[in-house]
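Could you have a look at this structure, given as structure tokens, before my questions?
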Amino acid sequence: MKVYNTRSGRKEDFAPGDPVRMYVCGVTPYSECHIGHAMSYIVFDVIRRYLEFRGYRVRHVQNFTDVDDKIIARSSQLGISAKELAEGFISQYFADMDALNIKRADIYPRATEEIPKIIEVIDGLIQKGHAYHAGGDVYFRVASFPQYGKLSHRATDEMFSTEEATGKEQPMDFALWKAAKPGEPYWESPWGLGRPGWHIECSAMSLKYLGETLDIHGGGQDLIFPHHENEIAQSEAFTEVTPFVRYWLHNGLMQLGEEKMSKSLGNLITVKEALDRYSADALRLFVLSSHYRSSLTYTEEGLAAMERGAERLRFAAHRQGGDGPTAIEVENYRQRFMEAMDDDFNTAQAIAALFDLAREINRAAEEGHSIREGQKALLELAGVLGLQLVPPQYIIEIDTYTVESKLRELSEHIREELIAAGQGGLIHELDGVESLLMKDIIDRLLALRSGLRAKKQWALADKIRAQLAKLRIILEDTPQGTNWRYRR
RNA sequence: GGCGACGUGGCCAAGAGGUUAAGGCGGGGGUCUGCAAAACCCCUAUUCGGCGGUUCGAAUCCGCCCGUCGCCUCCA
């Protein structure tokens, strides 16, 4: 396997330890997740799933930075505690990620619950001369770490930090610990009451849960500088072990219109909004159909196209086949899939293999061959990309109660039409629909429609089809009978 | 200004020196079908932003130009 390492700027052979120690930067929970977050977590979810598929054991840690300036500002605005605010958005985070079929990390440490470790690291950095305190603040002494800039490939003489500069030796030094201002949450420390700076929590938590050297550290490209650069400085200065991270992986950023989607610009589409309109599979296909290091522009047309594609994969994965001998060389597709993924997770090519397999499944089915093996492989490989390909009948959450009552209304209406059309003989098909459940009512209507079609009563048969379509229930007539499915 | 990325069919998007330039969506035609839908088959880039160069051979390497975007201390 080859993976692109931001540190070296090229693809490298992937030779991790066992288990693979993987740390992915999580969110600062002060607002809802948008599809830019979804993009990042889908990408790293697929990387993790593929590593597991390849037989690696993976220990996956992802943090919550649950105390920072924005959380504090927002919570005081709302008149609730920082903790309350963060916990609320953390719950929403999990709900969103679960809906996107993102596997949970093994551990989700929170900055506020790791204060002792954070203090230990800061204290060690002070002991070793890499940090100093100024008033109640503690800063990292960037000049003490000559390799600073090696990840983002920058020279230190161009850097400065916009953080409050009181007492800093150099403008580029950054805060490890911030003294608490009145009304802010605080913890006790050797330097007085305060809270951790932005970057230190990741160093402390990765060290605690994964050790001194990580195999994979992931995040969005916007974290390369300063966040990950600072993490390297803190971690390597503290442990004196190099490298802190063997493979730095960064995903490209989601664009909306002309600009990057971000909380600060306010130009965002939340995960909930996206999932309201499109299936998780469509969203995942959209993200994975281009390379993870490229930026991606969100468009409704793009998502709609992926929804169609997802429907095709679902159909192929669950359709009826024949009893003839298997005629699909499943191994070819597995190979193509793996070759693509082995090359720095080329999901676009992997997806192409999936679509080719789907086509071959359909072709084989129409020729009467068994397609079991092909469907099994399709579901398995799609699963590596986190695609669920649930059967088309279950694709949407439907308000069963409303649909049921509308189906009963429709049945009543059809009764009258039957009589008007002189087809009263078929009316018994609708007996008792008042007490039937949705799927049984649909079955009755389909049986009735078959009767009408047998008598070439096309007008009424088509009317039933059209009325059901209004309820997003799509009929498909085949030689074996009529199938139905939902349309999103 | 510094650093970096990108420009491939109507749209999205792989490919990074050499057989027919993946795949998806859309469009056109056909098979099947009472019609529709789905599925399948065929067609839809002799050419990869432009101009030069290297090479037997260039979307792929080099130079310049044009255009788009990202990062440069809030960010996934």
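Bear in mind the structure is a predicted one, so any value in this text is a computation, not a measurement. Sequence lines set the chain letters: A, B, ... in the order given, protein chains first and strands last, and positions in each chain run from 1.
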Does the ring of A/Tyr247 carry A/Arg7 above it, NZ/CZ under 6.0 angstrom from centre and within 45° of its axis?
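A/Arg7 over A/Tyr247 ring: no.
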
Determine whether A/Asp106 and A/Tyr209 satisfy the following criterion, side-chain hydrogen bond (donor to acceptor under 3.5 Å, both in side chains), listing intermediate values before the conclusion.
CA-CA 10 Å; A/Asp106 297 297; A/Tyr209 292 102; over 6 Å; no

Please give the distance between the P atoms of B/G10 and B/U73 as a whole number of Å.
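It works out to 40 Å between them.
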
Closest to the 5' end of RNA chain B, once A/Arg363 and A/Ala353 are matched to their nearest nucleotides, is A/Ala353

Is the centre of the A/Phe94 ring less than 6.0 Å from the centre of the A/Phe64 ring?
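Centroid separation for A/Phe94 and A/Phe64: below 6.0 Å.
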
Within the 4.0 Å heavy-atom criterion, would you say A/Gly9 contacts the bases, only the backbone, or no part of the nucleic acid?
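Since no nucleic acid heavy atom lies under 4.0 Å of A/Gly9, the category is nothing.
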
Show each protein N/O and nucleotides 14-16 of chain B N/O combination with a separation under 3.5 Å, one pair to a line.
residue, atom, partner, partner atom, Å
B/A14, OP1, A/His291, N, 2.6
B/A14, O3', A/Asn346, ND2, 3.1
B/A14, O2', A/Gln349, NE2, 3.0
B/G15, OP1, A/Asn346, ND2, 2.8

Determine the interatomic distance between C1' on B/A59 and the same-named atom on B/A45; round to the nearest Å.
12 Å

Verify the distance criterion only: is there a donor paired with an acceptor across the side chains of A/Asp344 and A/Tyr292 at less than 3.5 Å?
yes

Contact class for A/Gly219 (heavy atom, under 4.0 Å): base, sugar-phosphate, or nothing?
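Touches sugar-phosphate only.
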
In residues 40-49 of chain A, which ones come under 4.0 Å of RNA chain B, going by heavy atoms?
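Output list: A/Ser40, A/Tyr41.
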
Let me have a per-nucleotide readout for nucleotides 25-38 of chain B, 5' to 3', with B, S or -, counting only protein heavy atoms under 4.0 Å.
SS-------BBBBS

For RNA chain B, produce a single dot-bracket line, 5' to 3'. Pairs: Watson-Crick or G-U wobble, both distances under 3.5 Å. Symbols: ( ) within strand, [ ] crossing, | other strand, . unpaired.
((((((((.[[[..)..(....]]]((((((.......))))))....[[[[[..)....]]]]])))))))....

Report, one line per pair, each donor and acceptor closer than 3.5 Å where one atom sits in a side chain of residues 324-335 of chain A; sequence neighbours left out.
residue, atom, partner, partner atom, Å
A/Tyr333, OH, A/Glu360, OE1, 2.2
A/Arg334, NH1, A/Glu380, OE1, 2.5

If you take any heavy atom closer than 4.0 Å to RNA chain B, which residues from residues 326-341 of chain A end up in contact?
none

Name the residue closer to the 5' end of RNA chain B, choosing between A/Gly220 and A/Thr297 according to the nucleotide with the nearest heavy atom.
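Per heavy-atom nearest nucleotide, the more 5' residue is A/Thr297.
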
